[in-house]
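To start, the structure itself, in structure tokens.
For ligands, and for the atoms within them, numbers begin at 1 and follow the listed sequence. Side chains are part of it too, since the values below use all heavy atoms of this structure and drop only hydrogens, waters and symmetry mates.
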Amino acid sequence: MKRITVLGMGYIGFPTALLLANSGYKVFGFDIDQNRINSLKLGKLPFKENGLEELFKKVKRKKTFKPVSGLEASDAFIIAVPTPHLENKLADLSYILRAINSIREVMEDGNLIILESTIGVNDCDKQIIPLLKKKNKRFLFAHVPEKAIPGNTLYEMVNNGRVIGALTKEAAAATKDIYSSFVKGKIFITTPKIAAAAKVMENTYRDVNIALANEFAKIAEDLGFNVWEAIELANKHPRVNIHQPGPGVGGHCIPIDPWFFVGESVQAELIKKARNINDSMPQKVAKDVEKLIEKLDLKNITIAILGYAYKKNVDDARETPAKKVYQLLSKKYKVLIHDFYVRSNFVVSNELNQILKQSQVAVLLTDHDEYKKIIFRKYPNFKIVYDTRNFFSIDNLKGSAAKLFKLGKGPNENPDSH
Ligand code: SAJ
């Protein structure tokens with residue numbers, strides 16, 4: 001195996017392609033987006049990730065990575081395209097099937113096809129393998145679900161364990177050969193179906209756990225205790241790991257993948273409930289902010305949303321709950337959105353001070369580290385700071401007339417004394 005084509009130059013495909021090129025493979029990076037290919041050819045990074053720029057430069061020197069807008073013959077093809085979900089919650093395989101169709105044009109006997117995109121448990125058997133078989137060529141196949149977390153992608157791609165769901169022993173060996181060129185974590189061999197199930201279970205586990213934390217936050221408000229402190233103490237137990245409440249769940253995986261179980265099986269009742277709890281958090285946050293504004297009888301106010309990315313310290317806003325919070329609040333109020341990293345025409349990235357000067361209410365949605373530097377007493381205009389991540393401390397509000405409210409704290413603990 002010498003030549004590898006990676007299909008999809010996104011958050012997973014691009015770093016994977018670079019790691020392989022760095023290991024000495026001749027790698028073609030394919031994307032249907034011509035603009036992305038053009039900018040990769042110019043050496044521009046499509047997004048920020050720790051260590052990605054250095055790796056890109058290194059690989060450029062080695063001349064082992066070539067961005068392409070058409071497929072060429074290759075020994076292996078790795079598919080890393082998105083899998084959204086459909087209306088009926090099943091995985092939307094259209095990007096994957098399109099990728100497979102284009103591979104079929106250039107496929108040769110003995111080629112290895114690897115699928116990294118997340119899929120439903122039955123998708124390989126029912127759709128992907130049958131489509132590959134239509135070409136009447138001998139092929140090897142493995143489903144190797146991606147496991148890397150945005151923000152720490154390169155590190156996790158190298159150090160996490162990987163599951164290879166191979167169709168045959170030969171496919172398992174060929175796939176292992178490729179991944180062991182850069183993976184330091186353990187490699188496990190299984191079937192494509194189990195690999196898919198394990199992957200969807202991982203993200204479902206997190207989603208259900210976050211829903212539980214969000215439910216605890218609502219119970220805490222109802223019963224009058226501080227959920228953050230209670231979770232911290234509960235997690236001292238050696239077998240308890242409750243996740244954190246927040247404004248909802250974003251990203252390209254956790255809000256989507258659990259639906260695949262719901263779409264495929266009527267048994268997925270808890271999963272469906274958890275998804276709905278997490279999806280309803282932006283409404284809850286918007287409503288709570290509205291109630292506070294009404295209670296303090298504030299008029300003609302401007303709200304500053306702090307953070308638009310779906311999680312801290314990344315520039316990724318896919319499925320961000322901030323979008324919904326913004327849409328709901330802007331029906332009634334003037335809302336300005338700030339984020340240090342997200343580039344968009346309605347998100348301001350470099351004028352935090354200006355935004356803070358104009359606003360009376362701050363709603364922290366994404367806990368980017370840099371927001372810790374805000375000193376609210378410098379902005380006497382502030383009346384309310386609503387924190388969905390237990391991020392601000394009394395220090396941030398010392399000397400300020402603003403009141404600090406937190407998601408998941410009972411009325412007696414809100415506002416914090418300062
Ligand atoms: N969140 C909470 N409370 C928490 C943890 C997270 O509200 O306690 C929210 C975050 O704010 C964010 C969302 O959940 O909006 C998801 O963030 P995340 O950091 O948990 O996960 P992702 O989507 O960035 O990446 C996940 C990872 N999966 C797991 O941790 C099981 C990653 O390893 C996967 O590669 C990725 O999904 C994927 O591609 O499936």
Side-chain angles (χ1 to χ4, degrees), residues 8 10-13 15-16 47 49-50 80-85 91 115-120 143-163 185 195-218 227-228 231-232 234-235 240-261 274-275 277-282 284-285 307-325 339 342 364-368 387-391 407-408:
Y11 289 90
I12 297 297
T16 304
F47 49 85
E49 266 294 340
N50 284 334
V81 295
T83 333
H85 67 73
L115 178 66
E116 285 219 8
S117 316
T118 310
I119 49 169
H143 177 35
V144 185
E146 50 98 348
K147 307 262 170 176
I149 197 152
N152 203 22
T153 299
L154 278 177
Y155 177 86
E156 291 211 347
M157 277 182 173
V158 171
N159 293 290
N160 285 0
R162 290 303 286 260
V163 175
K199 164 73 193 193
V200 180
M201 280 162 118
E202 289 161 13
N203 284 341
T204 301
Y205 162 80
R206 261 178 102 66
D207 198 42
V208 173
N209 199 329
I210 296 166
L212 180 65
N214 283 330
E215 187 154 294
F216 284 153
K218 292 193 264 180
V227 78
W228 307 95
I231 289 177
E232 198 183 327
N235 283 348
V240 174
N241 173 24
I242 303 165
H243 291 7
Q244 301 294 299
V249 171
H252 58 313
C253 304
I254 298 184
I256 297 167
D257 302 352
W259 284 127
F260 300 171
F261 277 143
R275 268 292 57 248
I277 289 176
N278 288 338
D279 270 356
S280 69
M281 289 309 287
K284 175 187 159 40
V285 168
Y308 192 73
Y310 82 88
K311 66 176 182 181
K312 69 172 174 179
N313 305 335
V314 299
D315 64 0
D316 195 336
R318 286 173 295 172
E319 310 287 325
T320 180
K323 186 175 176 185
K324 188 84 197 161
V325 177
D339 195 293
V342 177
L364 180 107
L365 296 181
T366 317
D367 42 350
H368 293 312
D387 176 0
T388 63
R389 304 268 189 181
N390 194 29
F391 177 78
L407 171 75

Checklist entry - Can you list the steps and then say if Thr320 with Tyr308 is a side chain to side chain contact (heavy atoms under 4.5 Å, CB included)? => result CA-CA 7 Å; Thr320 180; Tyr308 192 73; 3.9 Å; yes

Checklist entry - Should Glu319 and Tyr310 be marked as a side chain to side chain contact (heavy atoms under 4.5 Å, CB included) after you check the CA-CA gap, both sets of side-chain angles, and the distance that decides it? => result CA-CA 7 Å; Glu319 310 287 325; Tyr310 82 88; over 6 Å; no

Next on the checklist: Does either side chain, that of Asn235 or that of Asn241, offer a donor lying less than 3.5 Å from an acceptor on the other one?
Outcome noted: no

Checklist entry - Applying a heavy-atom distance cut-off of 4.0 Å, which protein residues contact ligand 1? => result Glu146, Lys147, Ala148, Ile149, Pro150, Lys199, Glu202, Asn203, Arg206, Ile210, His243, Gln244, Gly248, Val249, Gly250, His252, Cys253, Ile254, Asp257, Tyr310, Lys311, Arg389

Checklist entry - Would you say the side chain of Pro82 lies within less than 4.5 Å of the side chain of His252, judging by non-hydrogen atoms? => result no

Checklist entry - Would you call the rings of His243 and Tyr205 parallel, tilted or perpendicular, where under 30° means parallel and over 60° means perpendicular? => result perpendicular

Checklist entry - Taking the six-membered ring where the residue is Trp, are the ring centres of Phe391 and His368 under 6.0 Å apart? => result no

